[in-house]
Amino acid sequence: MADSPSSSKEESVQLIKKFGAYLTLKMSNLFSISIDNLSSRSLGTVAGVAIALVLTWRLLRTPAVPQRRQPKRQGPSTSSSGVNTHSSTAVISSADDSRAQYVIDEFFQPVKPTLAQIVRQKLSDGRKVTCRLVGVVLEETTPEELQKHATVRSSVLEVLLEITKFCDLYLMERIVDDESGERVLLALEEAGIFTSAGLVKDKVLFCSTEIGRTSFVRQLEPDWHIDSNPEIITQLSRFIKHQLHISSSRSECTASNVYSSRNLEQFFGFQDRS
């Protein structure tokens with residue numbers, strides 16, 4: 001018959017006591033010898049005793065792994081109480097599974113990227129961007145409207161701020177008269193683009209013809225050009241690496257390097273985030 005856990009424990013205690021008495025005797029004999037009379041054999045004995053103490057201490061610290069008790073098998077019950085117990089257990093198990101699945105889904109839910117990350121990803125790490133003002137940054141859709149007023153679209157400001165953080169941005173537009181250019185610069189300044197966005201007035205370019213604007217873009221050689229004129233987009237598709245066509249109506253891309261969006265914010269997913 002196997003020994004009970006209590007008897008095994010008593011035997012272990014008695015063994016430890018005997019070993020402790022033996023160590024005490026040895027240590028008293030060793031320390032009774034003066035330091036000058038210690039031989040190499042005595043030093044070896046001291047080292048052996050120390051090692052034995054460490055091993056014994058580690059052995060005693062190791063907890064015994066208790067054996068798991070096997071649950072008793074119960075015969076199937078045909079009573080209604082057994083059916084109810086099984087049903088309630090299934091409901092609890094299902095609720096626990098649902099809570100666990102919810103926690104897992106929340107933990108592995110993808111982190112929503114920031115606007116700065118989206119802008120950098122969309123622009124493919126481009127370092128220079130040229131952008132038309134009318135129909136993209138301004139509410140006005142034609143240069144003729146700039147003779148009366150110029151209004152910066154408030155929803156585009158944060159996108160421009162992120163672009164200027166890591167891109168060299170140039171804004172440009174065709175104007176009918178010099179007063180229109182002054183009106184545009186004043187509107188940009190009042191919107192805070194020259195302060196919060198880090199843009200300077202020297203990077204706002206004006207010309208009198210669409211050909212002149214096309215020439216600006218080709219001379220600057222940007223990684224991206226943003227425009228609302230489909231003709232200029234087509235003309236520049238052979239020279240510019242990437243282009244974004246801003247159009248209120250759904251338009252077909254004229255080339256593989258041309259993208260289309262209703263506005264600048266939608267292209268960067270900013271409207272969906274607000």
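In this chain, residues are counted from 1 in sequence order. Note that the coordinates shown come from a computational prediction; the quantities given were computed from them, not determined experimentally.
Considering only residues two or more places apart in sequence or on other chains, K203 meets the side chain to side chain contact (heavy atoms under 4.5 Å, CB included) condition with D168, Y170, L199, V200. Residues passing the side chain to side chain contact (heavy atoms under 4.5 Å, CB included) test with Q121, sequence neighbours excluded: none. Residues forming a side chain to side chain contact (heavy atoms under 4.5 Å, CB included) with D223 (at least two apart in sequence, or on another chain): R127, K128. E145 pairs by the side chain to side chain contact (heavy atoms under 4.5 Å, CB included) definition with E140, T141, T142, H149, not counting sequence neighbours.
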Kindly indicate, with the supporting measurements, whether the criterion side-chain contact (heavy atoms from CB on, under 4.5 Å) is fulfilled by V184 and L171. CA-CA 11 Å; V184 169; L171 301 177; over 6 Å; no
Could you go through I246 and F267, starting from their C-alpha distance and side-chain angles, then the distance that decides it, and tell me whether this counts as side-chain contact (heavy atoms from CB on, under 4.5 Å)? CA-CA 9 Å; I246 301 298; F267 179 71; 5.6 Å; no
Evaluate the side-chain contact (heavy atoms from CB on, under 4.5 Å) criterion for residues F194 and V204: first the C-alpha distance (whole Å), next the side-chain angles of each, then the deciding distance (0.1 Å), finally the verdict. CA-CA 10 Å; F194 296 129; V204 181; 4.0 Å; yes
Evaluate side-chain contact (heavy atoms from CB on, under 4.5 Å) for I193 paired with T164, printing each intermediate quantity in order. CA-CA 10 Å; I193 290 180; T164 56; over 6 Å; no
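Grouping the Ile, Leu, Val, Met, Phe, Trp and Tyr side chains by contacts below 4.5 angstrom, directly or via other members, places V176 apart from L205. Follow the hydrophobic side-chain contacts under 4.5 Å out from L157 and you reach I226 in the same cluster. V159 and L244 fall within the same hydrophobic cluster, defined by Ile, Leu, Val, Met, Phe, Trp and Tyr side-chain heavy atoms under 4.5 Å apart, directly or through other members. In the hydrophobic cluster analysis, where Ile, Leu, Val, Met, Phe, Trp and Tyr join through side-chain heavy atoms closer than 4.5 angstrom, I232 is grouped apart from Y259. Side-chain heavy atoms closer than 4.5 Å link hydrophobic residues (I, L, V, M, F, W, Y) into clusters, and following such links, even through other members, never connects M172 to V156.
Of the listed residues (Q219, R213, R218), just one forms a side-chain hydrogen bond (donor to acceptor under 3.5 Å, both in side chains) with S215, and that residue is Q219.
Residues K241 and N257 have side chains not in contact (no heavy-atom distance under 4.5 Å, counting atoms from C-beta outward). In this structure the side chain of F239 never reaches within 4.5 angstrom of the side chain of T214, judged on heavy atoms.
Rounded to the nearest 0.5 angstrom, T234 OG1 and D227 CG are separated by 10.5 Å. Atoms OG and NE2, on S256 and H242 in that order, are 9.5 Å from each other to the nearest 0.5 Å. Here the CZ-OG1 distance, from R153 to T151, works out to 11.5 Å after rounding to the nearest 0.5 Å.
Contact record, A150 with L146: CB-CD2, 4.1 Å, taken as the closest heavy-atom pair. When all heavy atoms are compared, the tightest approach of E231 to N229 is N-OD1, 2.9 Å. C207 and G212 get closest at one heavy-atom pair: SG-C, 3.9 Å. Residues F268 and K122 approach most closely at CE2-CB, 3.5 Å, considering heavy atoms.
Residue pairs meeting the salt bridge (Lys or Arg N to Asp or Glu O under 4.0 Å) criterion with at least one partner in residues 179-194, sequence neighbours excluded, are E189-K201.
Side-chain atoms of Q117 never come within 3.5 Å of backbone atoms of P113 as a donor-acceptor pair (strictly under, hydrogens ignored). Of the possible polar contacts, one joining the W224 side chain to the L123 backbone as a donor-acceptor pair under 3.5 Å is found.
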Which atom pairs, one a donor and one an acceptor, fall under 3.5 Å between side chains of residues 129-139 and the rest of the protein, sequence neighbours left out?
unit_1: T130; atom_1: OG1; unit_2: H225; atom_2: ND1; d: 2.7
unit_1: R132; atom_1: NE; unit_2: E173; atom_2: OE1; d: 3.0
unit_1: R132; atom_1: NE; unit_2: E173; atom_2: OE2; d: 3.3
unit_1: R132; atom_1: NH1; unit_2: S228; atom_2: OG; d: 3.2
unit_1: R132; atom_1: NH2; unit_2: E173; atom_2: OE2; d: 3.2

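Around CD1 of I211, the count of heavy atoms belonging to other residues, nucleotides or ligands within 6.0 Å does not exceed 12.
Side chains of D177 and Q147: a donor-acceptor N/O pair is present below 3.5 angstrom, by distance only.
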